[in-house]
Amino acid sequence: MIPRLAHIYILGAVLWTALPAFASEKPALRDLAAAKSKGIGAAVDVKALQNDPVYAQILTQQFNVLTPENALKMDWVQKKRGQFDFRAGDMLADLAQKNGMTFKGHTLVWFRALPEWLTEQTFTKEELKQIMHDHIKTVVTHYKGRVQNWDVVNEAINDDGSYRHCIWYDVIGPEYIELAFRWARAYDPNVLLYYNDYDAEVPNQKSDAIYLMLKDLKAKGVPIDGIGFQAHVRVQNPPNVFEMDKNLKRFAQLGLFTDFTEIDVSIIHDPNRNAIDLWMRQAEVFGNFFKACINNSSCTMAVLWGFTDKYTWKRDFDPSDAPLIFDAAYKPKPAFDVIAGVFNE
Ligand code: XIL
């Protein structure tokens, strides 16, 4: 006869494997984050949201910040010149509002995700300024009061600290950055305005240049409220925690919020290490971003770039990558528990 206690364990194990993750007894990350006055967010894939009910359920259960992975980029919103399509963005804004989530806008001015009408013609400086102005005006006005913070300019600086060549820089010049922030502020005086970039989590040539640029812009009175560190990192080569803390603090001293905006921790297949080992290491890296956020009052939120390995953009590059905190079957990975543990400390 099987003892009673063992029955309970067996039943527990069966339930554990049979039930999707969202039905687990674990406290929701968003509640743990809120108890520390922090946001925990996820970028949302519109197709997944529409076709996969488990996706929607976990999203709203676990996160208190939502940002569109692609639905507010220029090629989506203004596919035809002067014709704006806010259907997907509005659907996400409504979902966020219904579920008490902050809606983060991503992104107004970027060198990628540009519509063909823009890239396949040449424009004069004045024409391009007008195009940028009209885009910012229409999008920011549309979401006024509904978006709490905007990534105004995304990825403007190269690894070596120089300005990235792109249509905006090449035609308008470096002042496109300043203009973008000023116009965003003009059409929503209350929304928080961020500069967002990758590989800038620790002091290096790139983050040094961003630091000097933002310092200079702040000194000129350009309305910038925060910096977003994307944090697309690899488990084999994560940012050093002390360096990261130092970096957050120097940007905070400029009077900026310092958020993590697109966290994922790529696992490149490593024949010398088993999967569990890599998942544990990944969990530690996730935990370090959340520790850095909790330890710095300048960090308002940490946003993941997705939440399940099922739909991560990283699988476009490597189908075996698994950079998020739920696996492709929606089971919480060790990173989920480590983040919860960090909030509970
Ligand atoms: C990525 C999306 O995740 C993909 O679906 C899309 O094909 C390309 O863009 N930095 C950013 C994000 O700021 O907007 C990018 O998102 C990932 C890198």
Side-chain angles (χ1 to χ4, degrees), residues 41-52 55 59 63 65-79 85 88-89 91-92 103-116 118-119 135-136 139 143 147 149-159 163-164 166-169 176-177 180-181 184 192-201 206-207 210 224 226-234 239 258-268 289 301-319 321-326 328:
V44 174
D45 178 316
V46 171
K47 245 209 225 132
L49 189 69
Q50 286 169 332
N51 299 320
D52 184 344
Y55 182 91
L59 172 72
F63 299 95
V65 179
L66 182 162
T67 195
E69 184 168 354
N70 293 300
L72 287 183
K73 292 173 180 171
M74 193 175 184
D75 62 349
W76 188 310
V77 161
Q78 200 185 165
K79 197 177 235 82
D85 181 353
M91 190 257 289
L92 295 178
F103 189 47
K104 177 178 152 58
H106 176 84
T107 175
L108 296 170
V109 181
W110 192 25
F111 74 99
R112 288 178 60 195
L114 298 171
E116 276 173 14
L118 182 63
T119 52
H135 183 75
I136 291 174
V139 180
Y143 287 104
V147 161
N149 80 56
W150 268 112
D151 289 334
V152 178
V153 175
N154 196 30
E155 303 180 350
I157 300 295
N158 290 315
D159 289 351
Y163 285 106
R164 181 193 293 279
C166 68
I167 183 170
W168 310 112
Y169 178 81
Y176 85 88
I177 297 173
F181 280 96
L192 295 175
L193 305 178
Y194 279 66
Y195 175 79
N196 195 52
D197 217 326
Y198 62 91
D199 285 350
E201 291 76 26
K206 180 169 184 170
S207 65
I210 295 170
I224 301 184
I227 174 160
F229 300 107
Q230 292 185 4
H232 293 292
V233 302
R234 283 175 297 141
T258 61
D259 293 350
F260 295 108
T261 51
E262 304 186 13
I263 309 173
D264 51 22
V265 181
S266 272
I267 290 179
I268 310 297
F289 287 121
M301 60 175 70
V303 179
L304 315 185
W305 208 241
F307 57 95
T308 163
D309 291 337
K310 190 172 180 182
Y311 301 116
T312 171
W313 73 304
K314 287 297 177 88
R315 290 205 166 171
D316 300 348
F317 308 105
D318 174 359
D321 202 349
L324 291 165
I325 65 171
F326 287 88

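Each residue takes its place number in the sequence, starting with 1. Start at 1 and go down the list; that is how both ligands and their atoms are numbered.
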### Query
Using 30° and 60° as the class limits, which term best fits the ring planes of Phe63 and Phe307: parallel, tilted or perpendicular?
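Phe63 vs Phe307 ring planes: tilted.
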State whether the number of non-hydrogen atoms from other residues, nucleotides or ligands found under 6.0 Å of Arg315 atom CZ is greater than 12.
-> yes
Do the side chain of Tyr195 and the main chain of Ala156 share a donor and acceptor less than 3.5 angstrom apart?
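Judged by distance alone, yes, a pair lies under 3.5 Å.
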Problem - Residues in side chain to side chain contact (heavy atoms under 4.5 Å, CB included) contact with Asp52, at least two apart in sequence or another chain - result: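 Side chain to side chain contact (heavy atoms under 4.5 Å, CB included) list for Asp52, sorted by chain: Val54, Tyr55, Lys310, Tyr311, Tyr330.
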Any idea which residues sit under 4.0 Å from ligand 1, heavy-atom distances?
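Residues within 4.0 Å of ligand 1: Glu69, Asn70, Lys73, His106, Trp110, Arg112, Asn154, Glu155, Gln230, His232, Glu262, Trp305, Trp313.
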Review point. In terms of side-chain geometry, is the basic nitrogen of Lys206 or Asp159 positioned less than 4.0 Å from the acidic oxygen of its partner?
Key: yes
Notebook entry, point to check: Do Asp309 and Lys314 meet the salt-bridge criterion of a basic N to acidic O distance under 4.0 Å?
Noted result: no
